[in-house]
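This report refers to the structure that appears directly beneath it.
Letters A, B, ... mirror the listed sequences (proteins, then strands); counts begin at 1.
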There are 2 protein chains.
Amino acid sequence: MRVATLILLRRECIVCMANIDDVAKLANVSTATVSRVFNNSPYVSEKARESVLKAAKELGYEPSILARSLAMKKTNTIGLIVPDISNPYYSEVVRGIEDVCNIYKYNIILCNADNSRDKEIQYIDMLKSRWVDGIIFHSDYFSDEIYHIFKDRKIPLVLAGRATSYDIPYVVIDNRKAAYDATKYLISQGHKKIGVIHGDLNGMKETVDSVDRLYGFLDAMKEAGLKVYDELIKESNFKAKGGYMAAKEMLMGNVKPDAIFAFSDIMAMGAINAIFDAGLKCPEDVSVIGFDNLDLAEVTRPALATVAQPMYDIGAVAARMLIKIIDNKKISEKKVILKHRLIIRQSCIKRDAQKI
Amino acid sequence: MRVATLILLRRECIVCMANIDDVAKLANVSTATVSRVFNNSPYVSEKARESVLKAAKELGYEPSILARSLAMKKTNTIGLIVPDISNPYYSEVVRGIEDVCNIYKYNIILCNADNSRDKEIQYIDMLKSRWVDGIIFHSDYFSDEIYHIFKDRKIPLVLAGRATSYDIPYVVIDNRKAAYDATKYLISQGHKKIGVIHGDLNGMKETVDSVDRLYGFLDAMKEAGLKVYDELIKESNFKAKGGYMAAKEMLMGNVKPDAIFAFSDIMAMGAINAIFDAGLKCPEDVSVIGFDNLDLAEVTRPALATVAQPMYDIGAVAARMLIKIIDNKKISEKKVILKHRLIIRQSCIKRDAQKI
DNA sequence: ATGAAAGCGCTAACAG
DNA sequence: CTGTTAGCGCTTTCAT
């Protein structure tokens, strides 16, 4: 009888759910006891526990995380801001973060900033007002402006994929060294006129991935005493079409590249197609190397040589760090630099000296 | 003086934020007035509004969405469950949802079910306990089990990418017709031994995309009086490597296909590479058609013919429907079927009759 | 081991 | 137009 009444009562409510009072009443205990049962407190008699569980089941009760968060001032939620989830690189990072968060019972609010700084800031505000316990921020730049916004917000923060000189933990690869390695490899294969397809350089003012990588490229070229052709350094947008256009321009220019280094696999794939469309062959006429080592790199033809980033790990490590910080645990290292790897595949070929 | 005290007080608090009381005190008004200001109530004097805003700014106050949600029993958040964000198809759907949600000031909790039904159910529970206002569920199947779970949970729900006979709104394309169209096109080009690479068929028991599409394929084959070879119907996993393996098996078998219809562009790309690796040419020896029309389809070589799905719109329409349902507005149509489009590109060629 | 009660930050009658 | 007050559902002392 009582149960029926309770259920009927609840029916009128929009969010049609039993709450802790209902359970307490039905189980003939106090709300405190119900709370204890659902928080696995040891100080509950077996008898009380059972009747609470029974009542909860009967009413279809589940604790409201909302109310709990408010009471505990802890949401068990982290915010994640990425520039563009439709980029497979980020999907993979997200997977790493997700897996770790699942282990530690954290939820994620994923924010797709759409490569817009305004949106990033908007999302930071939103996450703050939702009391997320911390934020993982993945962007290819980290400006003073963003730094100050975060500083004002006072939320635990970990940077993924981007280093900074500010005192903020991050997990990255050594982009400069990675680009250096890739370029050096191309040079070792006899390539001399090497083109680059990079992303936004942000006027070289702030540190962005593409700037690091471009420096790495220049390091290697300089070391080898090779000429760097301005016409072979093209800006693009990390998309396949962008890579295609950039490569096309190069191939139609005065200085023909014998190799192209694209700062993402997707752009590299575009470049390979531009080479085909120009009536040339990859790698016979132009070698191509990418960056990221997406799954796709392995199955394209020619298979794409590339610099492998540990995308999943970047996410996973960032998440581990953030959760430790939230829990006020010591983190052994605030600046984590993960290893990159050069992956050689068919899109690069050794160039004979005489052919040049 | 007063301000300083307040701020100091707050410092001790873990979530170091000013709350509505602080603002009310500093502005010399009641909390109700502060609340009114932040909810744009017209019944506030200009004077009060100003001093509230000033105080809020001084204290860096932002309303807690958490507390607001609890008080209003509305979170302005929707849950989104997808099988695998690393699949570009889903990224694009997510973008559509996001854009609409941004307009209507909804937030999204994105759940990546990792193609696991257990995880899906887990996420449904989580979303429920977070009081999301509604859920968009994108999966390639919708089983009785899942239906009943949702029914018990009583949360507004919209299905994306999957039709159902249950009384649940959905937005989809006509998968059967789409596959029929693609197959018919291949047949019209003179192909006879057509292979198929599909996804999980779930024992043909529940309706999943691949089953619909397979039926569409069979419809067209039957209509044309063509023989369907079991050896040319291969199951795969919607990934490039899977498509590669499936195509390889076909090409090494007794019955050589003259065309392959892959149920996703990614698998189609894998198939094209398998064709190359078998020493054959696409489209000269084997034509390939995909499904989805990802950005990538346009930039691969040969460019990939495919069945275009309006991915972004599937997301956007689903989000619009859900928000209307949440707001108790009439929705004109509960079952939305969006248009697919056949996109012809170089990976399909006309086969001469004599060559077969 | 258990209950009463205060409080988390906000909204929404209600009364003025 | 504004303030008072009673919740929203949960956790957490503090008694018992």
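- Set against D:dC10, C:dA1, D:dT2, the side chain of A:Asn19 has D:dC10 as its closest nucleotide.
- Listed nucleotides D:dC8, D:dC10, C:dA12 differ in distance to A:Tyr61; the shortest reach to its side chain belongs to D:dC10.
- Side chain of A:Met72, nearest nucleotide from D:dT12, D:dT4, D:dT2: D:dT12.
- B:Val34 comes within contact range of no nucleotide atom at all, as no heavy-atom separation falls under 4.0 Å.
- Atom CG of B:Leu66 is separated from atom P of C:dC8 by 14 Å (rounded to the nearest Å).
- Across the protein-nucleic acid pair, A:Lys25 atom NZ and D:dG9 atom C1' stand 13 Å apart, rounded to whole Å.
- Counting to the nearest Å, the C1' atom of C:dG3 and the OH atom of A:Tyr43 are 17 Å from each other.
- Residue B:Lys73 has its side chain nearest to D:dG9 when only D:dG3, D:dG9, C:dG9 are considered.
- Summarising the geometry, the separation between CD1 on A:Ile65 and C1' on D:dT11 is reported as 14 Å, rounded to the nearest angstrom.
- Ring planes of A:Phe142 and A:Tyr147: perpendicular class, angle over 60° (limits at 30 and 60°).
- Taking every side-chain heavy atom of A:Ala48 into account, C:dT2 is the closest of C:dC10, D:dG3, C:dT2.
- In this structure, NZ of B:Lys74 is placed 20 Å from C1' of D:dG7, rounded to the nearest angstrom.
- Taking the side chain of B:Ser35 as heavy atoms from C-beta on, and the options D:dT2, C:dT11, C:dT2, the nearest nucleotide is C:dT11.
- For A:Asn39 and C:dT2, the CG to P distance is 15 Å, given to the nearest whole Å.
- Along DNA chain C, the nucleotide nearest to A:Arg49 and the one nearest to A:Thr31 differ in position, and the one closer to the 5' end is contacted by A:Arg49.
- Per the geometry, CH2 belonging to A:Trp131 stands 13 Å off C1' belonging to D:dC10, to the nearest Å.
- Closest to the side chain of B:Ser30, out of C:dG9, C:dG3, D:dT4, is D:dT4.
- Looking at the side chain of B:Ile20, the nearest of the listed nucleotides C:dA13, C:dT11, D:dT11 is C:dT11.
- When the P atom of D:dC8 is taken as reference, atom CG of B:Asn76 falls 20 Å away, rounded to whole Å.
- Residues B:Ile65 and B:Asn76 fail the side-chain proximity criterion, which asks for heavy atoms closer than 4.5 Å.
- No more than 12 heavy atoms of other residues, nucleotides or ligands shown are found within 6.0 angstrom of NZ on B:Lys324.
- In terms of position on DNA chain C, the residue among B:Leu70 and A:Lys47 whose nearest nucleotide sits closer to the 5' end is A:Lys47.
- Looking at B:Tyr89 and B:Ile314, their side chains come closer than 4.5 Å, going by heavy atoms from C-beta outward.
- Residues B:Ile135 and B:Phe150 meet the side-chain proximity criterion, which asks for heavy atoms closer than 4.5 Å.
- The residue among B:Ala32 and A:Ala71 whose nearest nucleotide of DNA chain D lies closer to the 5′ end is B:Ala32.
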